[in-house]
Amino acid sequence: MKPSIPRGTRDFGAYDMRKRNYIFSIIRKNFELFGYEPIETPAIENISTLTGKYGEEGDQLIFKILNSRLHENQKKELLTKEFAKTLQTAYNSPELTNKALRYDLTVPFARYVVMHHHQLTFPFKRYQIQPVWRADNPQRGRYREFYQCDADVIGSNSLLNELDLITLIDTCFKELNVPVVLKFNNRKILTALAEMVQHPDKIVDITVAIDKLDKIGKEGVNAELSANGIDETAIAKLEPLLDFKGSNAEKVQILKNVVGTNEIGLKGIEEIEYLLNAATTRLKHLTLELDITLARGLNYYTGTIFECKANAGTFTPSILGGGRYDNLTGVFGLNDMSGVGISFGIDRIFDVMNELDLFPASIQAQSTTQILFINFGQHEATYCLTIIAQLRSEGIACELYPDQKKIPKQFEYADKKKIPLVCSIGSQEMESGVFTVKELQTGLQEKLSLAQLLQKLKR
RNA sequence: GUAGGUAUAGCUCAGUUGGUUAGAGCGCUAGAUUGUGGUUCUAGAGGCCGUGGGUUCGAGCCCCAUUACUUACCCCA
């Protein structure tokens, strides 16, 4: 049998893991620096927890888990009917599948907040770093299993939370040295637009169409709007938005012209202006760009929405997403819990950093082992174990070659694993207590006592 | 779901209008070197040319189907 792994999943070698852990550690450190606390939730959720939260498209991308032991189920007739139904429509049968892999970390978080709200202190700031799964068609930068790193505040309406998150994003990407542009928008603007063109029910269609502006152009957007049953006078009203270019301030002015007479629109503009004024002077690294065409597909966003893209190179996928959701906990029975959060996509950050060669030189394809002990035989190996125990108690990573193979083989092992030092202890060394130590990179070899060796390794 | 591309050694890939026994580099094994890796030299192993059918005297190459991988659309981290 030829081994393989499912499409869109990957194995990670030691070198890649060092790089990934570098990204994880910076993000985790800053999450904690900003006062977020860690939680974890199960990979598997009840499917009813997940469905209906991500939009029609998103629901289809949930990885479903087939119920076990269906062959032992007595309700054969019902199961057969249910299966026939799933073959016809997008219907999900709880008789056939009642569990699924989590699609993101935000919805499980909302579920967590509702289940544990009696023991939580609000506003609750949590971070969560775990893999999520999407039954998507894989391609470059798109995986079916990937990690999200989420930070959310729930139980506070204050825009200071948005500001806090923007600063957090700025801090993380500055430390990672990734050039990024943070695009943001406000769903209230989109809601106002839908109201003003007399199509409040079409908000999703309108936002999705506008979101495609930079890909399909103004004519494309208009065509799509019209295809979705939006009439021409309404399309004409939206037109100024599609045309505008320029500074953030100029964009705000255009927004005022278009939706300034609408109550929700005004509120959205107010929020946007606040964030622009408050954030711009505080940012140390990233570019903040108001992007009216930013819509985001996830259903639950209601206010500020965020998206980050790399600002250099040819590969610029979305590497962060987020936004405010006013009532995500509502479906689980807890109202008046507004939250706002962001999600770093570390797999794509990894890809971008690889392409731009942004990993620091200290992260090398090198073993954590500092010194390898050559195995000359049982007697010598036993002697080495004592030395090794002493080095390890001093915090020095070392290992003994386990088999008594030819010496070149053992050196080759050190070379391939990129262990910097090799220590040979044969009968002469055992007798004298002075060991032969070779630096593989330079080829230099010296005779060292245990004390001298320790000194060398500790600096 | 829709459309394009690719499939030849462990890996990356050559392979002429369709013509004898399918190649290279890297890697692997052994030796030169029985207490020294990386460099060098020598030798060796390793392929049902993705799978199934067709055309032909003859197919890695042409045709059809199929599978896997991949890119793009959609959506997203």
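The model shown is predicted, which means the values in this text are computed figures rather than measured ones. Lettering of chains follows the sequences in order, A, B, ..., and the numbering in each one begins at 1. Computation of the quantities below employed the complete heavy-atom set of this structure, encompassing side-chain atoms and omitting hydrogens, waters and symmetry-equivalent molecules.
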- Message: Taking the P atom in each of B/G31 and B/C48, what is the distance between them to the nearest angstrom?
- Response: 28 Å
- Query: Taking for each residue the nucleotide of RNA chain B with the nearest heavy atom, is it A/D136 or A/G8 whose nucleotide lies nearer the 5' end?
  - Reply: A/G8
- Check each residue of residues 422-430 of chain A for a non-hydrogen atom within less than 4.0 Å of any atom in RNA chain B, then write out the ones that pass by number, or none. A/S424, A/G426, A/S427, A/Q428, A/E429
- Taking the six-membered ring of A/Y143, is NZ or CZ of A/R10 closer than 6.0 Å to its centre and within 45° of its axis? yes
- Which string of ( ) [ ] | and . matches RNA chain B, if you list each base 5' to 3' and count Watson-Crick or G-U pairs only when both distances are under 3.5 Å? (((((((..((((.....[...)))).(((((.......))))).....(((((..]....))))))))))))....
- Have a look at A/R134 and say if it touches a base, only the backbone sugar-phosphate, or nothing, with a 4.0 Å heavy-atom cut-off. base
- Message: Give me each pair satisfying side chain to side chain donor-acceptor pair (under 3.5 Å) with a member in residues 425-434 of chain A, each pair once, sequence neighbours excluded.
- Response: A/E429-A/T436
- Message: Among residues 174-181 of chain A, which ones have heavy-atom contacts with RNA chain B below 4.0 Å?
- Response: none
- Query: Heavy-atom contacts under 4.0 Å between residues 352-381 of chain A and RNA chain B, which residues?
  - Reply: A/F376
Can you give me the N/O atom pairs linking the protein to nucleotides 7-13 of chain B at distances under 3.5 Å, or say none if there are none?
none

- Task: Quick one: label A/Y143 by what it contacts on the DNA or RNA (base, sugar-phosphate, nothing), any heavy atom closer than 4.0 Å.
- Result: base
- Item | Atom-to-atom span, NZ of A/K405 to P of B/U34 - whole angstrom | 18 Å
- Output all residues satisfying salt bridge (Lys or Arg N to Asp or Glu O under 4.0 Å) with A/K183, sequence neighbours left out; order by chain, then residue number. A/D291
- Task: Sticking with atom C1', work out how far B/G50 lies from B/A68, rounded to a whole angstrom.
- Result: 8 Å
- Phosphate-side-chain proximity, A/R7 and B/U70, N/O vs OP1/OP2 below 4.0 Å: yes
Report each atom pair, protein N/O against N/O of nucleotides 27-33 of chain B, whose distance is under 3.5 angstrom.
{"from": "B/C28", "atom 1": "OP1", "to": "A/K416", "atom 2": "NZ", "distance (Å)": "2.3"}
{"from": "B/G31", "atom 1": "OP1", "to": "A/K406", "atom 2": "NZ", "distance (Å)": "3.2"}

- Report yes if the ring of A/F344 lies under 5.5 Å from the six-membered base ring of B/A77 with planes under 30°, and no otherwise. no
- Task: For nucleotides B/G23 and B/G15, find the distance between their C1' atoms and express it as a whole number of Å.
- Result: 7 Å
Contacts table for residues 379-392 of chain A: side-chain donor-acceptor under 3.5 angstrom, sequence neighbours left out:
{"from": "A/T382", "atom 1": "OG1", "to": "A/Q378", "atom 2": "O", "distance (Å)": "2.8"}
{"from": "A/R392", "atom 1": "NE", "to": "A/C398", "atom 2": "O", "distance (Å)": "3.3"}
{"from": "A/R392", "atom 1": "NH2", "to": "A/C398", "atom 2": "O", "distance (Å)": "2.8"}

- Message: Expected output is a numbered-order residue list: members of residues 433-446 of chain A with a heavy atom under 4.0 Å from any atom of RNA chain B. What is it?
- Response: A/T436, A/K438, A/L440, A/Q441, A/G443, A/Q445
- Message: Run the salt bridge (Lys or Arg N to Asp or Glu O under 4.0 Å) test against A/R111 and tell me which residues pass, sequence neighbours left out.
- Response: A/E45
- Any chance the side chains of A/N30 and A/T171 put a donor and an acceptor closer than 3.5 Å? no
- Message: Under a 3.5 Å threshold, yes or no: a donor from one side chain and an acceptor from the other, between A/D152 and A/Y325?
- Response: yes
Please list, pair by pair, any protein nitrogen or oxygen found under 3.5 Å from a nitrogen or oxygen in nucleotides 1-3 of chain B.
{"from": "B/G1", "atom 1": "O6", "to": "A/N137", "atom 2": "ND2", "distance (Å)": "3.3"}

- Task: Kindly say if A/Q139 contacts the phosphate of B/U70, meaning a side-chain N or O under 4.0 Å from OP1 or OP2.
- Result: no
